[in-house]
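Step one of this worksheet: look at the structure below.
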Amino acid sequence: KQNWEIINKKGFIDPKVKEFKNEISHQIKKDSKRKIIVFTEFSDTANYLYEEMKKDNFRVDIYTSKESTNKKNKNRINENFDASVKDDKQKNDFDILIATDAISEGFNLHRGGTIFNYDIPYNPTRVVQRFGRINRISKKQLFKELYIYNYFPTETGESELNMRGITGLKKMMFNSIFGEDTRVLTKNEDLSSFFKDEFEKLYKETESPETHFENIIYELRDYSPEIIMEAQSIAKRVKSKRKFKNYEGFIAFSKKGDIPKFTFLNIDQKFRNINDIDALKIYEADKKENYLPFDKKYNFLYEKLESKIFEEKPVKPFSKKRIKLIEKLELVSLTSKYNEYYKLMFKVVRELGGLTPFQEKLIRNTSEKNFDKNIKKIQEIIPKKFLKNLINTYDNINKKNETLIITQQLND
C-alpha cells in the first residue's frame with residue numbers, strides 16, 4: 001500500500017495518461033474535425049481520465065451509467081457526436097468523449113472518426129459494438145477512413161494474463177474489424193457472433209476455469225437476461241437428475257447469507273465439500289439438455305445430504321500457540337488503556353481465528369508491558385476498522401439461516 005501511494009503524491013505523472021494526452025493533442029492538431037471516442041470498461045477509469053484531461057483544458061465530455069439516467073446528458077451527446085442530427089441543432093462543444101460500454105448500444109457517434117480502447121474489455125464482442133458506434137451502416141459517414149487504437153498490457157501484464165491469448169486477440173481484432181476475416185463471412189453470419197466464436201476457439205485450451213464461467217455469466221447478463229430472471233423464479237430446494245460421467249451421488253448448492261457452499265454425497269453416503277470451480281463444472285449444462293425427474297427411491301439419501309448441510313459444525317481445538325495468544329490478549333484487554341481495541345482483537349482470535357499468521361506472530365512476540373508502548377505499530381498492522389469489519393461480517397453471517405437452493409442427482 002505504501003508503494004502504491006506514490007500515485008497520490010504531488011507531482012506524480014501517470015505515464016499512460018501522459019502518452020495518451022500527447023497522442024490526442026497530435027491528432028486534434030492534425031484533424032480538428034475528427035472527434036475522438038475513448039472507451040474504458042470501468043466508470044472509475046472513465047472519471048479518472050476525464051478529470052486528468054480537463055486539467056490540460058481538453059474539450060472533453062464523459063458518459064457512464066451515471067450519466068445515462070439524465071436525458072439532458074443523452075441530448076448533449078447526440079448534439080455533439082451524432083452526424084444525423086439536424087444541422088441547426090448540431091453543436092461543437094467537445095473534441096473528445098470518454099465513455100464506458102453504457103454508450104456502446106443505442107447511440108450514433110459517427111461525427112467521431114477515431115476510437116481509443118483505453119483498456120480491452122473482458123467480453124471481446126464489446127470491441128465490435130464500440131466500433132459500431134462510429135461505423136454506422138446506412139448513416140451519413142463523415143470520414144472515408146476510421147481509426148482504432150488499442151491499449152494492451154505491458155509484457156509483464158501479458159505474462160500474467162496469458163501472452164498467447166492476448167497476442168491472438170490482437171490479430172483477431174485487427175482481422176475482424178479491418179476486413180481479412182470479414183470477407184469469408186456468409187451472408188447469414190453476424191460479425192459479433194463470428195468474433196465471439198473465434199475468441200472461444202483461441203481460448204479453448206488456455207483460459208482459466210474462472211474466466212470461462214465469468215464469460216458465461218457476462219453473456220447471459222448481456223444477451224439473455226430472461227434466462228437469469230427465469231432462474232431466479234425457481235423455487236428453493238428444487239431437485240433434478242442428470243447424466244454425468246464418473247459421478248454417482250448428489251450435489252447440492254446452498255447459501256448462508258451471501259456465502260455459497262457446494263457439497264456432495266455419494267451413494268455410499270460419504271459426504272464432502274466441493275470447491276466452487278469443480279461444482280460449476282458439474283452444474284454446467286448444454287442448452288439442449290432436458291430436465292430429468294429426481295428418483296424418489298433416493299429420497300432417504302437426499303434427507304441425509306440435507307441433514308449434513310444443516311448440522312452444527314464442531315469447533316476445532318486450538319493449537320498451543322493459539323491458546324497462549326488468547327490468554328495473553330485476555331490479560332491485556334483487562335489492563336491496557338486501549339482495552340476496547342484489545343477486546344476486539346481478543347474476540348477475533350478466540351471466536352473467529354481471524355488474524356493472519358504474520359499478525360498473530362506480531363502479538364505473540366510483543367510482551368505485555370510493551371503493548372501500549374507499541375500501539376501505533378500494532379494498529380498499523382492490525383487496524384481497529386479491520387477487527388470491527390471481521391466481527392460484523394461474522395455476526396451477520398451467523399444470524400442468517402442456511403438455505404438449500406438446488407440438489408442434483410448424478411448418474412454415470
Side-chain angles (χ1 to χ4, degrees), residues 200 203-221 224 227-319 351-354 356 390 393-412:
E200 287 179 348
Y203 269 83
K204 190 172 183 180
E205 296 178 0
T206 59
E207 73 169 346
S208 69
E210 291 87 352
T211 303
H212 172 73
F213 290 114
E214 283 173 357
N215 283 336
I216 289 175
I217 293 168
Y218 292 147
E219 287 294 315
L220 287 172
R221 286 177 178 168
S224 305
I227 292 177
I228 291 182
M229 291 179 67
E230 186 178 355
Q232 289 172 339
S233 68
I234 296 173
K236 300 288 190 293
R237 297 184 179 235
V238 66
K239 294 184 286 186
S240 66
K241 175 182 172 181
R242 291 184 65 203
K243 295 285 184 183
F244 202 87
K245 285 185 177 181
N246 302 322
Y247 273 90
E248 243 359 272
F250 305 87
I251 183 173
F253 168 51
S254 60
K255 290 175 78 175
K256 185 158 187 174
D258 292 326
I259 308 299
K261 184 171 70 175
F262 296 96
T263 48
F264 184 77
L265 182 75
N266 67 17
I267 54 173
D268 295 325
Q269 301 189 34
K270 289 182 180 178
F271 178 85
R272 63 186 173 93
N273 292 316
I274 304 180
N275 68 55
D276 295 358
I277 295 301
D278 287 344
L280 290 171
K281 286 177 181 177
I282 295 172
Y283 273 114
E284 185 177 7
D286 188 272
K287 289 181 181 179
K288 296 178 181 178
E289 187 174 334
N290 292 323
Y291 164 82
L292 296 174
F294 190 88
D295 288 338
K296 291 183 179 179
K297 66 179 180 179
Y298 289 120
N299 272 340
F300 76 99
L301 284 175
Y302 170 77
E303 290 169 4
K304 177 85 173 178
L305 175 63
E306 189 178 39
S307 66
K308 281 283 186 181
I309 291 172
F310 293 113
E311 75 178 1
E312 291 292 326
K313 305 295 184 295
V315 178
K316 292 182 180 179
F318 294 138
S319 66
E351 296 182 15
L352 283 67
T356 66
L390 276 177
T393 302
Y394 174 76
D395 288 344
N396 287 336
I397 292 171
N398 232 24
K399 288 174 186 174
K400 293 179 179 176
N401 295 324
E402 190 108 28
T403 305
L404 182 58
I405 310 293
I406 183 171
T407 304
Q408 282 193 342
Q409 176 191 342
L410 304 175
N411 290 100
D412 195 338

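Since the structure is predicted, the reported quantities are computational estimates derived from the model, not experimental observations.
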Which atom pair, heavy atoms only, marks the closest approach of Leu404 to Ala252?
CD1-CB, 3.9 Å
Taking Asn266 for the side chain and Asp268 for the main chain, is one N or O donor matched with an acceptor at less than 3.5 Å?
yes
With a 4.5 Å cut-off on side-chain heavy atoms, are Tyr283 and Ile406 touching?
yes
Residues that Glu289 engages under side-chain contact (heavy atoms from CB on, under 4.5 Å), provided they are two or more places apart
Arg242, Ala285
Kindly give the heavy-atom pair with the smallest separation between Thr263 and Phe271, and that separation in Å.
CG2-CZ, 3.5 Å
Enumerate donor-acceptor pairs with a distance under 3.5 Å from any side-chain N or O in residues 293-301 to protein atoms, sequence neighbours excluded.
{"unit_1": "Asp295", "atom_1": "OD2", "unit_2": "Lys241", "atom_2": "NZ", "d": "3.3"}
{"unit_1": "Asp295", "atom_1": "OD2", "unit_2": "Gln409", "atom_2": "NE2", "d": "2.9"}
{"unit_1": "Asn299", "atom_1": "OD1", "unit_2": "Lys239", "atom_2": "NZ", "d": "3.3"}
{"unit_1": "Asn299", "atom_1": "ND2", "unit_2": "Lys296", "atom_2": "O", "d": "3.3"}

The side-chain hydrogen bond (donor to acceptor under 3.5 Å, both in side chains) partners of Arg237 (sequence neighbours excluded) come to Glu306
Is there a side-chain contact between Glu248 and Asn411, using heavy atoms and a 4.5 Å cut-off?
yes
Would you say that Phe264 contacts Asp278 through its side chain, given a criterion of any heavy-atom pair below 4.5 Å between the two side chains?
no
Least distance between heavy atoms, Ile277 atom then Phe213 atom
O-CE1, 4.2 Å
Starting at CZ of Phe250, measure out to OG1 of Thr407 and round the result to the nearest 0.5 Å.
9.5 Å
Rounded to the nearest 0.5 angstrom, the CD1-CG distance for Ile282 and Leu410 is 6.0 Å
